[in-house]
Protein chains: 2
Amino acid sequence: MASRAAGSSAPTIVDVAAQAGVSIKTVSRVLNQEPGVQEKTREQVLKVVAELKYRPKLSARSLAGARSFLIGLLYYDPSAAFVAGVQQGATLRCREAGYHLVVESLHNDAPDIDSQVERVVSALRPDGMVLTPPLCDNPKVLKALRESGTPCVLMSPGRQAKGQASVRMDDVHAAEEVTNLLISLGHERIGFIRGASDQAASGLRYQGFANAMKAHGLGLDPELIQQGDFTFQSGVDGAHQLLSRRVRPTAVFASNDDMALGVLAAAQRLGLAVPSDLSIAGFDDSPAASLVWPPLTTVRQPVDQMARMAVEMLIAANRSDAQPLAESDLHRVLPYELLVRNSTCAPAAKPVTKRK
Amino acid sequence: MASRAAGSSAPTIVDVAAQAGVSIKTVSRVLNQEPGVQEKTREQVLKVVAELKYRPKLSARSLAGARSFLIGLLYYDPSAAFVAGVQQGATLRCREAGYHLVVESLHNDAPDIDSQVERVVSALRPDGMVLTPPLCDNPKVLKALRESGTPCVLMSPGRQAKGQASVRMDDVHAAEEVTNLLISLGHERIGFIRGASDQAASGLRYQGFANAMKAHGLGLDPELIQQGDFTFQSGVDGAHQLLSRRVRPTAVFASNDDMALGVLAAAQRLGLAVPSDLSIAGFDDSPAASLVWPPLTTVRQPVDQMARMAVEMLIAANRSDAQPLAESDLHRVLPYELLVRNSTCAPAAKPVTKRK
DNA sequence: CTGAAAGCGCTTACAG
DNA sequence: CTGAAAGCGCTTACAG
């Protein structure tokens, strides 16, 4: 591996000050966009900065000042796509603001997770932390962060704690819309597969489904509701249950795409044509959702926008003139997107009771 | 958002030294595991460190010393799964060694990508950088990094530059093994879909395919070789070409899973049963590969192990007593894993020429 | 509008 | 085996 650059080391604030004929304090003012610098002086400093390609060193700023210009992202990977999306939004927003994103992958069930968090925080002193599920619902993690005084924004947390900033999408409404779509296509017997019972989104999505069904006077047949756990296999299992009913559903709405793909696989093995014999809808817009035939009707979560918003909130709160946010501004809800693709259509025959 | 913790600030090295009745230099020695500290003194210091929950502040260590304890990860996201895998391996290894991972998502085609890199490096002064494709093959990125003197490890680079550390898997051999598997099942007419022509892996995988075919005296029929670009759609297109041949292949080997999924979708639309009418093999073990029916036979890249190794090399090179690596130790090749699943089987009939 | 001084919390030479 | 001093490169009060 190449050894470290030898020769003249990088320019410091002292070099810039000397070259520009001002004090280092003035250079600091210009760089931090503080008021009270004569326009002419400012320009002169900026010119020298450009000439020397001067870049302030983060460690020095961090040690001397109150900010580290570091935002932390804590995650425990359920879905690669989710993490990648979060990161995309977060790193871009960080760069725009001169911050940097430090990521740490933690195991949600680690017995010493609180000390792991504490360790990271006291070494890095990040200006804020973004937490993703399920870590954002882990009391030990939240406690460790609270004790360290690190500002946090939770992404799609289960419960919305008072005073705790969060960013989410409207799961209930999105699930309602998916259900409405199926109903509008003519489906009446709609199977539903719930997500993992310990995850907040599961309840919310079921709620949306139930709302829409009731609103159309369709009622909730317990026979058509299966408990899943967000895995492909639980989708397969749920589908086998639903499709063995005396009166089969003409559509199945799974609480996420992995389970919807399980339903699709099960239907194909049973020789059912999708969507003509069975419509299928998912949730998440996972990469695989568009890599199967037929591509899945699903809901796209604005994951990168949510992350961008989370970072935005942390940076804003970090400014010296920041005002504490009102409770109503602490919880942001971002718009989702309904993606209608080829896995859903009107039921082949009238949705009457018949056996195949 | 919660305000910063007030009250007594975190303990510093001075507090530990005072409490332990030694100088700060001794505390520093113990913490950095430097030699020349009496065992009794060491224990005493460690005891106080634990009592006070003292954690050295990264910015201070970084400013005073030669190391920043930061490793950078530069990526331009082609595949979420790849990035997630890299990160998993990298963050875990970093944590074990007391380092932290800073990630930056860059656009490979950005005209100012060199200055973006330069900016990140001069602010952070990371002790090393991990580069993933295609950034690891971007001359502007490599040049900026070289000029800054930042040690780099490239993951799966296209060309293996002399003196430039890299980590990869053996694409050629893996593709050979996949092809051998198909041949051993009885396939003779095997279609191949190449990856994007500007990516190094494409050529390597084709090479492996060609090697195996020739080794078995099967030759390379240009009619059975399609150019793809690693996208689902190019897999669909390639499949349509291959399956419209007068004499259809009985198996298709696609250079990655996304294309293999395209082949699967195309086959299903044409009414072909997979694998009995057509065997399909992919490459990458993408999440979707096991979320379809039938699940894909594919190759798992040891992405997280590769990232772990890359970080390992950077950390090792960063030690004060580090020796420059010999050329042969600069390039690591990690073992892959062949995953034989249900998308491949023996051809239904003898692989004779027939029309369906 | 501008600057001289002190200090952030460590590590690096250098002594003993 | 241990320590006193200097210094890393910035920002923070405080003056003028």
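All chains are named by letter (A, B, ...) in the order of the sequence lines, taking the proteins before the strands, and each is independently numbered beginning at 1.
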| message | Measure CD/B:Q44 against P/D:dC1 and give the value in whole Å, please. | response | 17 Å
| Below 4.0 angstrom from OP1 or OP2 of C:dT11, is there any side-chain N or O of B:S28? | yes
| Qualifying salt bridge (charged side-chain N to carboxylate O under 4.0 Å, His left out) pairs with a residue from residues 82-98 of chain A, counting only residues at least two apart or across chains | A:R93-A:E96, A:R93-A:E312, A:R95-B:E104, A:E96-A:R308
| field | B:E34 CD - D:dT2 C1' separation (whole Å) | value | 12 Å
| query | Who passes side-chain hydrogen bond (donor to acceptor under 3.5 Å, both in side chains) against A:R159, sequence neighbours left out? | reply | A:D137
| To the nearest Å, how far apart are B:L31 CG and C:dT11 P? | 7 Å
| request: Whole angstrom is fine here: how far is it from CZ in B:R67 over to P in C:dC10? | output: 15 Å
| said: Per the ring pair (Phe, Tyr, Trp, His ring centres under 6.0 Å) rule, what does the pair list look like for residues 43-70 of chain A, sequence neighbours excluded? | reply: A:F69-A:Y99
| request: For DNA chain D, find the residues of residues 16-26 of chain A with a heavy-atom distance under 4.0 Å and give them by number; none if there aren't any. | output: A:I24, A:K25
| note | Residues passing the salt bridge (charged side-chain N to carboxylate O under 4.0 Å, His left out) test with B:R55, sequence neighbours excluded, are A:E118
What side-chain donor-acceptor pairs closer than 3.5 Å can you find for residues 106-114 of chain A, not counting sequence neighbours?
from: A:N108; atom 1: OD1; to: A:N138; atom 2: ND2; distance (Å): 2.7
from: A:D112; atom 1: OD1; to: A:Q116; atom 2: NE2; distance (Å): 3.1

| Flag, side chain of B:D15 to backbone of B:T12, donor-acceptor distance under 3.5 Å | yes
| said: So, using salt bridge (charged side-chain N to carboxylate O under 4.0 Å, His left out) as the criterion, who are the partners of A:D304 when residues are at least two apart? | reply: none
| query | Taking only residues two or more places apart in sequence, or in another chain, which ones meet A:L334 in a side chain to side chain contact (heavy atoms under 4.5 Å, CB included)? | reply | A:V167, A:P302, A:Q305, A:M306, A:M309, A:R332
| task | Using a heavy-atom cut-off of under 4.0 Å over every strand shown, decide if B:T41 touches base, sugar-phosphate, or nothing. | result | sugar-phosphate
| query | Who are the salt bridge (charged side-chain N to carboxylate O under 4.0 Å, His left out) partners of B:E327, not counting sequence neighbours? | reply | none
| message | Whole angstroms only, please: what is the CZ-C1' distance between B:R29 and D:dG3? | response | 8 Å
| Under the side-chain hydrogen bond (donor to acceptor under 3.5 Å, both in side chains) test, which residues partner B:K143, sequence neighbours left out? | B:E147
| Using Watson-Crick pairs (N1 to N3, plus N6-O4 or O6-N4) and G-U wobble pairs, both distances under 3.5 Å, which stems of at least 3 pairs involve DNA chain C? | C:1-3 with D:14-16, C:5-12 with D:5-12, C:14-16 with D:1-3
| field | Interatomic distance where CG belongs to B:N32 and P belongs to C:dT12 [whole Å] | value | 7 Å
| query | For atom CD of A:E39, is the number of surrounding heavy atoms from other residues, nucleotides or ligands below 6.0 Å larger than 12? | reply | yes
| For B:E43 and D:dC1, what is the distance between atoms CD and C1' respectively, to the nearest whole Å? | 16 Å
Listing time: all N or O pairs from protein to nucleotides 7-9 of chain D that are below 3.5 Å?
from: D:dC8; atom 1: O2; to: B:A64; atom 2: N; distance (Å): 3.4

